[in-house]
Structures are given as C-alpha cells and as structure tokens.
Amino acid sequence: MKWEKILVRYGELSTKGKNRKTFITQLRNNIKFSFVDLPNFNMTAERDRMFLTSKDEAEIQQLIKRLPKIFGIQSFSPVASCTQEMEDILATALKIINSLDYQDKTFRVTVKRTDKRFPLDTYELQRTVASHVLSQFPNLKVQMKDADINLRIEVLSDAVYMMAEVIPGAGGMPLGSNGRSLLMLSGGIDSPVAGYMLLKRGVRLDAIHFHSPPFTSERSKEKVMDLANQLSHFGASVRLHVIPFTDIQQSIQAQIPDNVSMTTTRRMMMKIADLVREEIGALGIVTGESLGQVASQTLESLTAINAVTTTPIFRPLISSDKLEIIDIAQKIGTYETSILPYEDCCTIFTSSCPKTKPKLEKVEYYESFKDFDELIKEAVENREVLSFPNSKKNNFENLL
C-alpha cells in the first residue's frame with residue numbers, strides 16, 4: 001500500500017491551554033531532530049493533530065517505523081489519498097483493507113464530508129464503501145461501536161483521504177518541554193529505565209557516570225556509552241559526563257568503615273552530580289533507585305544520601321519491583337546492553353555486610369576525618385564529556 005502522509009495525534013497535548021502552541025512547537029522540533037536524515041518530508045501542525053507528508057515512499061516507511069519512539073505522540077495513522085471519483089475511492093478502500101490483518105475482524109466506515117459539493121451525502125458514501133468492502137472481504141463483520149477496523153474517509157475539495165490503522169505512539173510530553181535533569185547512569189538495568197521515564201515526561205537529560213580505572217575496565221565505560229546512545233534515540237541528544245572516581249573511592253576505603261562505605265560512596269557521587277548539575281543548568285538529579293532493592297536503597301540510606309544536597313532528586317522507579325523494571329528495559333531496548341557482565345564502581349568495593357539503616361550523624365562523623373572537597377573538585381574538572389547520538393564524522397576523525 002502506498003501511503004501519502006501520516007496523521008499524528010497529540011493526545012495529552014490537546015488538553016493544554018494557552019501554552020499548547022509551545023508544546024506543539026517543541027514536538028515539531030523533536031521530530032525534525034529525530035528525522036534529520038530524511039530531508040524530503042514536510043510537517044503541517046494543526047490544533048489537535050499534525051500531518052507529515054512525503055512523496056518518497058521509503059521516507060514514509062521510515063517515519064512509520066520510527067515515530068513510536070517520539071514522546072508527545074499519542075497515536076498516528078498512515079493516510080492514502082485518491083480522487084473524488086467513486087471508482088477510485090472504492091479501489092483505494094480495498095487496497096487499505098488488504099494491507100491489514102483483516103481475518104475475522106469487525107469493521108465499520110466513518111465518513112467526514114468537508115466538501116459539501118460531493119454528490120453523495122455522508123451516509124450514502126458510508127453505505128456504498130462498506131457494501132463494496134464487505135462484498136470483497138466476507139470474513140469481515142460489521143460493528144458500529146469499537147470495531148477492530150475503522151476505515152475513516154475524509155472528503156476534501158482537492159482529494160479524498162483514507163486511513164484505517166491507528167498505531168500507538170510513545171505518549172507523554174515532548175522532550176524539552178519540562179526542563180533538563182542529570183541522570184546518574186550506572187550501567188545496570190535500572191538507571192536507563194529511570195532516564196526513559198523522565199524523558200517521557202518531557203525532561204531533557206544529561207547523564208553522569210563514575211569510572212574507576214583500573215578497577216573498572218574500558219569495556220564497562222563503553223557499555224555506559226552504548227546506553228547513553230540508546231537513550232538519545234528517543235528524540236534528543238544526550239551528553240555523558242564521565243567522572244574519574246578512583247582517587248575518591250580509594251580514599252573512602254582507607255577512611256570509612258567497611259559497613260557504611262557504600263553510603264559514603266553514594267554521598268560523594270551525589271555531591272559531584274550536584275556540582276555538574278549546577279554547571280550545566282539542570283534542575284534535578286535522576287536516579288534508578290527502587291526502595292529496598294539493595295542496602296543503599298532503604299529509607300535510612302536514602303535519607304543519608306539526600307542530606308548532601310537540597311536539589312530535587314527524582315526516583316521514578318522508587319515503588320517498582322525488579323520484574324517491572326526488567327519488562328520496561330526489554331521494551332525500550334536497553335536490557336541486553338545492561339546485563340553485559342562488566343563491573344561498575346559500585347560493585348568493586350562492596351561490603352559483605354553493608355549497613356541497611358546507617359545513622360546520618362555517624363556517617364558524617366566518619367567523613368569528617370578526610371577532606372573530600374578537593375578530590376571532588378578535581379573529579380568534576382577532569383571529567384570527560386561525550387555527546388550522543390554518535391556522529392559518523394567522529395568515527396573517522398582519527399583517520400584524518
């Protein structure tokens with residue numbers, strides 16, 4: 001089936017008031033970013049919907065394939081067009097139904113006759129098309145409410161447009177409509193999912209990763225780079241800040257009792273993240289923590305970690321269990337990368353008996369014997385900043 005355009009429905013954006021135009025403009029910009037490699041398609045935005053058009057059939061297919069990842073889109077439908085000649089209308093209707101899985105499905109026709117000069121009224125055109133389709137597809141059954149296939153026909157002065165498939169979008173809000181936050185990206189299963197959930201609410205992300213060579217390998221860093229690149233596929237670029245964390249981690253092991261070392265490690269990470277967040281102008285910090293999943297994610301541990309900052313900390317997975325998180329990771333495509341067996345800095349010095357209910361005053365007392373501020377400052381200044389999605393140009397720079 002040759003499609004002429006794609007009808008995009010906004011969903012949640014349609015409930016916005018006077019600032020609706022701002023959200024729609026952001027969605028337009030995100031679509032342009034996501035399809036910068038497709039130069040021939042055009043966008044026309046209306047109050048409750050948007051049309052993407054292209055004369056290049058391959059581009060239309062790429063749009064259909066990749067639009068489900070764009071936040072702010074509730075659903076979309078491929079649209080075919082034809083002339084107002086009845087023979088052309090009936091032939092196009094058959095082609096559309098034939099392109100779908102129509103076996104043992106329910107069916108209806110919905111007509112919108114914008115051009116009132118069209119010789120048949122709405123109900124006559126509806127009956128004519130439905131009768132012709134049913135004569136060619138006897139397995140279809142008519143159902144006027146909640147039909148499996150709803151063939152929508154819109155008669156305009158210049159053409160007739162038809163659609164029958166409604167493809168779910170990613171939902172949520174357009175990226176960039178709700179500011180920027182900094183994602184603590186560990187390389188595990190949880191943090192990419194947490195990032196995805198903030199992206200879905202329109203939050204742009206930078207990511208921060210703590211790298212401790214030689215205790216963590218270059219492969220573990222590459223794994224996190226792959227995850228950052230995968231998150232960039234949802235409609236906006238992602239910068240990854242790689243923090244050299246070896247000196248700080250070794251100082252923690254030398255100074256802090258083993259059973260609370262992880263709490264201090266997370267506190268130092270949060271302090272560094274807060275400095276980077278302030279520098280880049282982000283408004284919050286995002287983590288993949290789930291309440292009670294590990295010793296550093298009990299209420300007592302989280303309270304001790306939170307104490308180093310007044311910045312809002314977003315934990316979208318706080319009430320999710322591991323199976324729910326894994327399910328989302330598999331759906332968004334990060335799971336296979338996350339389970340690659342490369343260590344991260346949170347696992348290399350893990351205590352065999354970590355405190356699940358650390359006392360904040362004791363943790364602060366242990367930390368008072370070591371001045372971590374200078375090490376934190378150096379780590380922030382010496383960080384490596386990488387941008388994703390990957391540029392083909394960058395892949396060949398070393399050959400020039």
Side-chain angles (χ1 to χ4, degrees), residues 180-188 190-192 194-195 205-232 237-256 258 260-282 284-289 296 305 308-309 311 313 337-338 340-351 363 366-367 369-388 390-391 394 397-398:
R180 181 182 295 274
S181 287
L182 181 65
L183 170 67
M184 298 180 73
L185 189 60
S186 67
D190 301 343
S191 54
L205 292 178
D206 277 47
I208 186 169
H209 176 68
F210 298 87
H211 188 47
S212 296
F215 305 106
T216 54
S217 67
E218 195 65 21
R219 295 298 296 273
S220 70
K221 176 182 169 183
E222 291 172 358
K223 171 183 172 180
V224 173
M225 292 166 60
D226 287 341
L227 290 171
N229 193 48
Q230 287 173 304
L231 289 175
S232 75
S237 59
V238 173
R239 287 182 300 183
L240 175 64
H241 304 258
V242 181
I243 302 294
F245 201 56
T246 307
D247 290 346
I248 294 176
Q249 220 163 358
Q250 288 180 318
S251 296
I252 291 171
Q253 294 307 306
Q255 178 62 47
I256 307 299
D258 189 52
V260 293
S261 63
M262 180 51 68
T263 301
T264 293
T265 298
R266 297 292 295 174
R267 281 164 57 86
M268 296 304 114
M269 287 179 173
M270 192 63 71
K271 285 185 176 183
I272 291 171
D274 205 22
L275 290 175
V276 173
R277 174 208 62 78
E278 184 176 8
E279 185 178 315
I280 65 176
I285 297 171
V286 186
T287 79
E289 291 158 325
S296 64
I305 294 166
V308 303
T309 179
T311 296
I313 301 173
T337 303
S338 292
L340 292 174
Y342 305 125
E343 69 292 321
D344 65 58
C345 65
C346 290
T347 63
I348 56 177
F349 294 125
T350 304
S351 170
V363 175
Y366 297 138
E367 293 173 3
F369 292 95
K370 175 68 178 180
D371 183 7
F372 288 99
D373 290 345
E374 190 61 34
L375 290 174
I376 288 172
K377 181 181 178 182
E378 289 179 5
V380 172
E381 290 176 348
N382 295 327
R383 74 187 187 272
E384 180 184 9
V385 182
L386 305 167
S387 295
F388 301 94
N390 289 321
S391 168
N394 291 338
E397 279 181 348
N398 292 335

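When reading the values below, keep in mind they use all heavy atoms of this one structure, side chains included, and skip hydrogens, waters and symmetry mates. Because the structure is predicted, anything quoted here is derived from the model rather than measured.
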For [X] and [Y], which heavy atoms make the closest approach, and how far apart are they?
X      : Y      : result
Met262 : Ser296 : CG-CB, 4.0 Å
Arg219 : Tyr342 : NH2-OH, 2.7 Å
Arg267 : Ile305 : CG-CA, 3.7 Å
Leu183 : Ser191 : CD1-O, 3.5 Å
Leu227 : Ser338 : CD2-OG, 3.7 Å

Side chain to side chain, [X] and [Y], heavy atoms closer than 4.5 Å:
X      : Y      : result
Val260 : Tyr366 : yes
Leu231 : Phe388 : no
Met184 : Phe210 : yes
Met268 : Ile252 : yes
Asp190 : Glu289 : no
Ile272 : Ile248 : yes
Gln253 : Asp258 : yes
Ser220 : His211 : yes

Would you compute the distance between atom [atom1] of [X] and atom [atom2] of [Y] and round it to the nearest 0.5 angstrom?
X      : Y      : atom1 : atom2 : result
His241 : Arg277 : NE2   : CZ    : 12.5 Å
Thr265 : Met270 : OG1   : CE    : 12.5 Å
Asp371 : Phe369 : CG    : CZ    : 13.5 Å
Leu340 : Asp226 : CG    : CG    : 8.0 Å
Glu367 : Thr264 : CD    : OG1   : 4.0 Å

Applying side-chain hydrogen bond (donor to acceptor under 3.5 Å, both in side chains), name anything that partners [X], two or more places apart in sequence or on another chain.
X      : result
Lys221 : Glu384
Thr309 : Asp274, Thr311
Gln230 : Thr337
Ser217 : Glu343

All salt bridge (charged side-chain N to carboxylate O under 4.0 Å, His left out) counterparts of [X], not counting sequence neighbours:
X      : answer
Glu278 : none
Asp206 : Arg180, Arg239
Glu378 : none

Mark yes or no for whether [X], through its side chain, and [Y], through its backbone, hold a donor-acceptor pair below 3.5 Å.
X      : Y      : answer
Arg266 : Thr263 : no
Thr216 : Ser212 : yes
His209 : Leu185 : yes

Task: Among Ile280, Leu205, Val286, Thr287, the one residue meeting side-chain contact (heavy atoms from CB on, under 4.5 Å) with Leu182 - done: Ile280

- [ ] Please identify each residue that fulfils side chain to side chain contact (heavy atoms under 4.5 Å, CB included) with Lys370, with sequence neighbours left out.
- [x] Ser251, Gln255, Phe372, Leu375

TODO: Walk me through it: do Val242 and Leu386 pass the test side-chain contact (heavy atoms from CB on, under 4.5 Å)?
DONE: CA-CA 8 Å; Val242 181; Leu386 305 167; 4.3 Å; yes

